[in-house]
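Okay, so here's the structure we're looking at.
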Amino acid sequence: MTPRRHVKLFPLVLLALLGGLSFWLQSLTDWLSASVGHDKDAATPDYVLEGFSATVFERSGGIKQHLTGERAWQLPNDPTIHLLAPHLRQYQRGVLHLEIIGTDGLYNPKTRISVFPREVTLLRYAPGLPTAKLVTSRLTVDTEKRTAQSPAPAVLERGASVVRTTGFTYNDATQQVQLLSKVKVTHVPTRH
(Lines give C-alpha, C1' and ligand atoms only; values in the text may rest on other atoms or scores of the structure.)
Protein backbone atom coordinates (compact mmCIF):
# COMPACT_ATOMS: atom_id res chain seq x y z
CA MET A 1 0.00 0.00 0.00
CA THR A 2 1.29 3.36 -0.89
CA PRO A 3 0.99 6.38 1.39
CA ARG A 4 -1.28 7.93 -1.14
CA ARG A 5 -3.83 5.11 -0.81
CA HIS A 6 -3.97 5.62 3.03
CA VAL A 7 -4.78 9.25 2.45
CA LYS A 8 -7.69 8.28 0.18
CA LEU A 9 -9.06 5.65 2.62
CA PHE A 10 -8.71 7.80 5.76
CA PRO A 11 -11.93 9.83 5.22
CA LEU A 12 -13.94 6.65 4.54
CA VAL A 13 -12.58 4.88 7.65
CA LEU A 14 -13.21 8.01 9.75
CA LEU A 15 -16.77 8.25 8.41
CA ALA A 16 -17.45 4.58 9.24
CA LEU A 17 -16.02 5.01 12.76
CA LEU A 18 -18.06 8.15 13.42
CA GLY A 19 -21.22 6.48 12.09
CA GLY A 20 -20.66 3.45 14.32
CA LEU A 21 -19.94 5.67 17.32
CA SER A 22 -23.12 7.71 16.68
CA PHE A 23 -25.21 4.54 16.44
CA TRP A 24 -23.69 3.19 19.68
CA LEU A 25 -24.29 6.49 21.54
CA GLN A 26 -27.90 6.66 20.32
CA SER A 27 -28.52 3.06 21.44
CA LEU A 28 -26.93 3.77 24.82
CA THR A 29 -28.99 6.95 25.28
CA ASP A 30 -32.23 5.14 24.37
CA TRP A 31 -31.42 2.31 26.77
CA LEU A 32 -30.55 4.71 29.62
CA SER A 33 -33.64 6.87 29.15
CA ALA A 34 -35.88 3.78 29.04
CA SER A 35 -34.40 2.42 32.25
CA VAL A 36 -34.68 5.80 34.00
CA GLY A 37 -38.34 6.16 32.93
CA HIS A 38 -39.24 2.79 34.48
CA ASP A 39 -37.59 3.69 37.78
CA LYS A 40 -39.47 6.99 38.13
CA ASP A 41 -42.24 7.07 40.73
CA ALA A 42 -45.54 7.88 39.01
CA ALA A 43 -46.71 9.78 42.10
CA THR A 44 -43.68 12.12 42.12
CA PRO A 45 -44.32 15.24 40.00
CA ASP A 46 -42.07 16.11 37.07
CA TYR A 47 -42.21 19.73 38.26
CA VAL A 48 -43.85 21.84 40.97
CA LEU A 49 -44.54 25.59 40.84
CA GLU A 50 -45.23 27.45 44.09
CA GLY A 51 -47.02 30.81 44.10
CA PHE A 52 -47.23 30.89 40.31
CA SER A 53 -48.50 33.59 37.97
CA ALA A 54 -48.96 33.31 34.20
CA THR A 55 -50.21 35.93 31.74
CA VAL A 56 -51.39 35.54 28.14
CA PHE A 57 -51.31 38.68 26.02
CA GLU A 58 -53.39 39.71 23.02
CA ARG A 59 -51.69 40.59 19.74
CA SER A 60 -52.27 44.25 20.55
CA GLY A 61 -50.28 43.86 23.78
CA GLY A 62 -53.19 43.96 26.23
CA ILE A 63 -53.79 41.24 28.79
CA LYS A 64 -56.03 38.41 27.57
CA GLN A 65 -55.78 36.02 30.55
CA HIS A 66 -54.03 36.04 33.89
CA LEU A 67 -53.78 32.87 36.00
CA THR A 68 -52.44 32.74 39.56
CA GLY A 69 -52.41 29.99 42.14
CA GLU A 70 -50.76 28.58 45.21
CA ARG A 71 -49.31 25.53 43.48
CA ALA A 72 -49.16 23.73 40.11
CA TRP A 73 -47.63 20.36 39.24
CA GLN A 74 -47.58 17.68 36.57
CA LEU A 75 -47.07 13.94 37.04
CA PRO A 76 -44.93 11.78 34.71
CA ASN A 77 -46.60 10.40 31.58
CA ASP A 78 -49.74 12.52 32.18
CA PRO A 79 -50.46 15.77 30.31
CA THR A 80 -52.83 16.98 33.08
CA ILE A 81 -51.66 20.00 35.07
CA HIS A 82 -52.88 19.99 38.69
CA LEU A 83 -53.71 23.37 40.24
CA LEU A 84 -54.19 24.35 43.88
CA ALA A 85 -56.26 27.51 44.49
CA PRO A 86 -56.38 28.62 40.84
CA HIS A 87 -57.67 32.12 40.05
CA LEU A 88 -58.19 32.88 36.36
CA ARG A 89 -58.99 36.39 35.13
CA GLN A 90 -60.07 36.81 31.52
CA TYR A 91 -60.15 40.18 29.76
CA GLN A 92 -61.85 41.52 26.64
CA ARG A 93 -60.27 44.63 25.13
CA GLY A 94 -58.47 45.34 28.40
CA VAL A 95 -61.59 45.08 30.60
CA LEU A 96 -62.06 42.30 33.14
CA HIS A 97 -64.76 40.03 31.70
CA LEU A 98 -64.64 36.76 33.67
CA GLU A 99 -63.09 35.29 36.82
CA ILE A 100 -62.91 31.64 37.86
CA ILE A 101 -61.81 31.01 41.45
CA GLY A 102 -61.40 27.39 42.45
CA THR A 103 -60.35 25.34 45.44
CA ASP A 104 -58.37 23.13 43.07
CA GLY A 105 -58.42 22.26 39.40
CA LEU A 106 -57.10 20.10 36.60
CA TYR A 107 -56.19 21.30 33.10
CA ASN A 108 -55.37 19.07 30.15
CA PRO A 109 -53.54 21.12 27.48
CA LYS A 110 -54.09 18.39 24.86
CA THR A 111 -57.89 18.38 25.18
CA ARG A 112 -58.08 21.98 26.48
CA ILE A 113 -60.52 20.85 29.17
CA SER A 114 -60.46 22.20 32.73
CA VAL A 115 -62.10 20.34 35.60
CA PHE A 116 -62.80 21.89 38.98
CA PRO A 117 -63.67 18.88 41.19
CA ARG A 118 -64.49 20.92 44.29
CA GLU A 119 -66.05 24.30 45.02
CA VAL A 120 -65.62 26.86 42.28
CA THR A 121 -66.94 30.40 41.81
CA LEU A 122 -67.39 32.00 38.42
CA LEU A 123 -67.90 35.77 38.16
CA ARG A 124 -68.98 37.34 34.87
CA TYR A 125 -68.92 41.09 34.35
CA ALA A 126 -70.96 43.02 31.79
CA PRO A 127 -71.16 46.81 31.41
CA GLY A 128 -74.33 48.24 32.93
CA LEU A 129 -75.40 44.95 34.54
CA PRO A 130 -74.87 43.51 38.01
CA THR A 131 -72.12 40.91 38.27
CA ALA A 132 -73.30 37.35 37.54
CA LYS A 133 -72.03 34.90 40.16
CA LEU A 134 -72.14 31.11 39.77
CA VAL A 135 -71.16 28.80 42.64
CA THR A 136 -71.03 25.00 42.26
CA SER A 137 -69.15 22.06 43.71
CA ARG A 138 -68.00 20.69 40.34
CA LEU A 139 -67.42 22.37 36.99
CA THR A 140 -66.03 21.18 33.65
CA VAL A 141 -64.98 23.82 31.10
CA ASP A 142 -64.10 22.99 27.50
CA THR A 143 -62.13 26.01 26.30
CA GLU A 144 -62.03 24.71 22.71
CA LYS A 145 -65.81 24.31 22.41
CA ARG A 146 -66.50 27.23 24.80
CA THR A 147 -68.85 25.16 26.96
CA ALA A 148 -69.27 24.59 30.69
CA GLN A 149 -71.24 21.95 32.54
CA SER A 150 -71.91 20.63 36.00
CA PRO A 151 -73.92 17.68 37.32
CA ALA A 152 -73.84 19.19 40.83
CA PRO A 153 -76.12 21.68 42.58
CA ALA A 154 -75.41 25.24 41.47
CA VAL A 155 -76.53 28.73 42.44
CA LEU A 156 -76.52 31.58 39.92
CA GLU A 157 -77.06 35.13 41.16
CA ARG A 158 -77.34 38.37 39.20
CA GLY A 159 -78.43 41.29 41.29
CA ALA A 160 -81.37 40.16 43.42
CA SER A 161 -82.35 37.37 40.97
CA VAL A 162 -81.32 33.83 41.97
CA VAL A 163 -81.44 30.53 40.07
CA ARG A 164 -80.89 27.24 41.91
CA THR A 165 -80.48 24.06 39.90
CA THR A 166 -78.99 20.60 40.05
CA GLY A 167 -76.89 20.34 36.92
CA PHE A 168 -76.56 22.66 33.94
CA THR A 169 -74.87 23.03 30.59
CA TYR A 170 -73.77 26.36 29.11
CA ASN A 171 -72.69 27.20 25.58
CA ASP A 172 -70.81 30.51 25.41
CA ALA A 173 -71.05 30.76 21.62
CA THR A 174 -74.86 30.66 21.66
CA GLN A 175 -75.24 32.15 25.18
CA GLN A 176 -77.66 29.32 26.02
CA VAL A 177 -78.04 27.69 29.43
CA GLN A 178 -79.82 24.39 29.94
CA LEU A 179 -80.93 23.76 33.54
CA LEU A 180 -81.11 20.01 34.13
CA SER A 181 -83.25 19.37 37.24
CA LYS A 182 -84.64 20.72 40.51
CA VAL A 183 -84.80 24.26 39.19
CA LYS A 184 -85.96 27.12 41.41
CA VAL A 185 -85.93 30.70 40.09
CA THR A 186 -86.43 33.93 42.01
CA HIS A 187 -86.56 36.75 39.46
CA VAL A 188 -86.39 40.35 40.58
CA PRO A 189 -86.69 42.76 37.63
CA THR A 190 -84.20 45.62 37.46
CA ARG A 191 -85.49 49.13 37.06
CA HIS A 192 -84.00 51.51 34.56
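One-based numbering along the sequence shown.
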Rounded at 0.5 Å granularity, tell me how far [atom1] in [X] sits from [atom2] in [Y].
X      : Y      : atom1 : atom2 : result
Arg124 : Ile100 : CZ    : CD1   : 10.0 Å
Thr131 : Leu122 : OG1   : CG    : 11.5 Å
Lys145 : Ile113 : NZ    : CD1   : 7.0 Å
Leu67  : Phe52  : CG    : CZ    : 4.5 Å
Leu156 : Thr165 : CG    : OG1   : 10.0 Å
Arg146 : Asp172 : CZ    : CG    : 4.5 Å

Among Glu99, Glu70, His66, whose side chain to side chain donor-acceptor pair (under 3.5 Å) with His87 holds? Glu99

Sub-4.5 Å side-chain heavy-atom contact between [X] and [Y]:
X      : Y      : value
Pro117 : Arg138 : yes
His82  : Asp104 : no
Leu83  : Phe116 : no
Ile101 : Leu123 : yes
Glu144 : Thr111 : no
Tyr107 : Thr80  : no

Ignoring hydrogens, what is the shortest heavy-atom contact between [X] and [Y]? Give both atom names and the distance.
X      : Y      : answer
Leu84  : Thr103 : CD1-O, 3.8 Å
Ala43  : Leu75  : O-CD2, 3.7 Å
Thr44  : Pro76  : O-CD, 3.1 Å
Pro79  : Pro109 : O-CD, 3.1 Å
Ala152 : Ser137 : CB-OG, 3.2 Å
Ala126 : Arg158 : CB-NH2, 4.2 Å

Indicate, with yes or no, if [Y] and [X] share a hydrophobic cluster defined by side-chain heavy-atom contacts under 4.5 Å among Ile, Leu, Val, Met, Phe, Trp and Tyr.
X      : Y      : result
Val115 : Phe168 : no
Val163 : Val120 : yes
Leu49  : Leu88  : yes
Tyr91  : Phe57  : yes

Check Thr147, Val177, Leu134, Leu139 against Tyr170 for a side chain to side chain contact (heavy atoms under 4.5 Å, CB included) and give me the one that passes. Val177

Using a cut-off of 6.0 Å, state whether more than 12 heavy atoms not belonging to Arg164 lie near its atom CZ.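 Result for CZ/Arg164: open.
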
Go through the steps to decide whether Thr166 and Leu180 satisfy the test side chain to side chain contact (heavy atoms under 4.5 Å, CB included), and finish with yes or no. CA-CA 6 Å; Thr166 299; Leu180 302 180; over 6 Å; no

Without swapping roles, check the side chain of Thr186 against the backbone of Ser161 for a donor-acceptor pair under 3.5 Å. no

